[in-house]
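What follows is one structure encoded as structure tokens, with my remarks underneath.
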Amino acid sequence: MELFESPMTRLIDDAEGGIRYWPSFVDAATADDWFARLRDGATWKSQRRMMYDREVDVPRLTASYWLDGLSPDCPMPFADMLVQVHDLAPAPYTAVGMNLYRDGRDSVAMHHDKLRMLTPGLPLALVSLGNPRRMRIRAQADHRDAIDVELAHGSLLVMSHASQLSHEHGIPKTARPVGPRMSAVFRARPPR
DNA sequence: GAAGGTCAAGCGCA
DNA sequence: CTGCGCTTGACCTT
């Protein structure tokens with residue numbers, strides 16, 4: 001029995017649970033702790049990409065880890081995070097990918113997660129930490145009605161595998177002054 | 001190996 | 001202010 005029921009909003013529905021959002025997945029102190037440990041402990045990578053006749057920065061930092069073989073004294077909070085994620089979205093997660101949006105100029109274009117990173121029928125779980133940022137979600141087939149969700153500090157967004165075929169999502173830039181925001185996406189990747 | 005999709009910044013526009 | 005759709009090109013997937 002759960003002592004506290006975390007409120008959930010279903011943003012999109014489909015046969016696999018659609019897209020579900022828990023704004024207060026963990027308390028602020030836990031989220032603060034996770035944010036600091038991931039920010040300081042992860043190996044953040046900066047990437048470049050061609051755009052017309054020049055090379056530009058990919059507008060965010062990235063890091064990724066396999067979840068097997070993590071040493072017990074790993075300073076990263078993945079084990080704690082997995083326990084919490086499993087409560088609401090149980091799946092055999094094997095990998096975590098992280099994005100660090102340093103300020104409002106950082107962003108990610110509308111996209112869907114690469115299907116080879118996912119296993120059919122299994123969800124992905126996105127933990128948001130730090131400054132809230134708006135995520136836009138819209139159907140692939142019809143861009144007219146989009147859903148915006150403010151991804152809060154310590155929130156969880158769970159997206160079904162099916163939703164990655166039907167919908168795309170992104171984090172637009174914003175002119176508002178905003179602090180850093182981090183996402184940690186847990187995926188059940190098929191074996192290589 | 002050919003073909004198609006992705007996704008970076010900036011622009012005009014709604 | 002904000003989002004959309006267009007643009008090129010290197011890289012990736014099919």
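Just so we're clear, the structure is a prediction, and the values are computed from it rather than from any experiment. Below, chain A is the first sequence line, B the second, and so on; all start at residue 1. Because only heavy atoms are used, hydrogens play no part in the values below, and waters and symmetry mates are left out as well, while side chains stay in.
For the helix from B:dA2-C:dT14 to B:dA14-C:dT2, the end axes, each set by the C1' atoms of five terminal pairs, are bent relative to each other by 30° (nearest 10°).
Residue A:Ala109 places its side chain closer to B:dA8 than to any other of B:dG10, B:dA8, C:dG3. The side chain of A:His111 has B:dC7 as its nearest neighbour among C:dG5, B:dA8, B:dC7. Relative to the side chain of A:His112, the nucleotides B:dT6, C:dG3, B:dA8 differ in distance, and B:dT6 lies closest.
When rounded to the nearest whole Å, the span between CE of A:Met117 and P of B:dT6 equals 15 Å. Distance CG (A:Asp142) to P (C:dG5): 10 Å, rounded to an integer number of Å. The distance between atom CZ of A:Arg105 and atom P of B:dG10, rounded to the nearest whole Å, is 11 Å. The interatomic distance linking A:Glu55 (CD) with C:dC11 (P) rounds to 9 Å, in whole Å. Between the P atom of B:dT6 and the CG atom of A:Asp113 lies a distance of 13 Å, rounded to the nearest Å.
For the side-chain hydrogen bond (donor to acceptor under 3.5 Å, both in side chains) test, no residue two or more places apart in sequence or in another chain qualifies with A:Asp145. A:Asp27 pairs by the side-chain hydrogen bond (donor to acceptor under 3.5 Å, both in side chains) definition with A:Thr30, not counting sequence neighbours. Judged as a salt bridge (Lys or Arg N to Asp or Glu O under 4.0 Å), and not counting sequence neighbours, the contacts of A:Asp148 are A:Arg136. Checked against salt bridge (Lys or Arg N to Asp or Glu O under 4.0 Å), A:Arg48 has the following partners two or more places apart in sequence or in another chain: A:Glu55, A:Asp57. Residues forming a side-chain hydrogen bond (donor to acceptor under 3.5 Å, both in side chains) with A:Arg37 (at least two apart in sequence, or on another chain): A:Asp33. Residues satisfying the ring pair (Phe, Tyr, Trp, His ring centres under 6.0 Å) criterion with A:His112, sequence neighbours excluded, are absent altogether.
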Every protein N/O lying under 3.5 Å from an N/O of nucleotides 12-14 of chain C:
{"unit_1": "C:dT13", "atom_1": "OP1", "unit_2": "A:Arg116", "atom_2": "NE", "d": "2.5"}
{"unit_1": "C:dT13", "atom_1": "OP1", "unit_2": "A:Arg116", "atom_2": "NH2", "d": "2.8"}

Protein N or O to nucleotides 2-4 of chain B N or O, pairs below 3.5 Å:
none

Nucleotide N/O to protein N/O under 3.5 Å, stretch nucleotides 6-10 of chain C:
{"unit_1": "C:dT7", "atom_1": "N1", "unit_2": "A:Tyr52", "atom_2": "OH", "d": "3.0"}
{"unit_1": "C:dT7", "atom_1": "O2", "unit_2": "A:Tyr52", "atom_2": "OH", "d": "2.1"}

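Side-chain contact, A:Ser163 with A:Glu16: no donor N or O sits under 3.5 Å from an acceptor N or O. Side-chain contact check for A:Thr174 and A:Arg134: no donor-acceptor pair (N or O, by modelled atom type) lies under 3.5 Å. Side chains of A:Asp14 and A:Ser160: a donor-acceptor N/O pair is present below 3.5 angstrom, by distance only.
Among the atoms of the strands shown, only primed sugar atoms or phosphate atoms (P, OP1, OP2) are found under 4.0 Å from some heavy atom of A:Arg136. Here A:Arg144 lies out of heavy-atom contact (under 4.0 Å) with every strand.
When atom types are taken as modelled, the side chain of A:Ser6 and the backbone of A:Ser24 share a donor-acceptor pair closer than 3.5 angstrom.
Across residues 163-176 of chain A, A:Pro172, A:Lys173, A:Thr174, A:Ala175, A:Arg176 each have a non-hydrogen atom less than 4.0 Å from an atom of DNA chain C (numbered order).
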What verdict does the side-chain contact (heavy atoms from CB on, under 4.5 Å) test give for A:Leu124 and A:Val158, after you've listed the backbone C-alpha separation in whole Å, the side-chain angles of each residue and the deciding distance to 0.1 Å?
CA-CA 6 Å; A:Leu124 64 95; A:Val158 175; over 6 Å; no

Evaluate side-chain contact (heavy atoms from CB on, under 4.5 Å) for A:Val96 paired with A:Leu67, printing each intermediate quantity in order.
CA-CA 7 Å; A:Val96 59; A:Leu67 294 169; 3.9 Å; yes

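Contact check on A:Asp113 versus A:Arg187 returns a salt bridge, with a Lys/Arg side-chain nitrogen under 4.0 Å from an Asp/Glu carboxylate oxygen.
At C:dC4, none of the side-chain N or O atoms of A:His143 fall inside 4.0 Å of OP1 or OP2 (strictly under the cut-off).
Side-chain contact between A:Ser155 and A:Ser128 is present, with at least one heavy-atom pair separated by less than 4.5 Å.
Each ring pair (Phe, Tyr, Trp, His ring centres under 6.0 Å) pair with one or both residues in residues 142-172 of chain A, not counting sequence neighbours, appears once here: A:His111-A:His169.
Taking the six-membered ring where tryptophan is involved, the planes of A:Phe186 and A:Tyr93 are perpendicular, since the angle between them exceeds 60° and thus also 30°.
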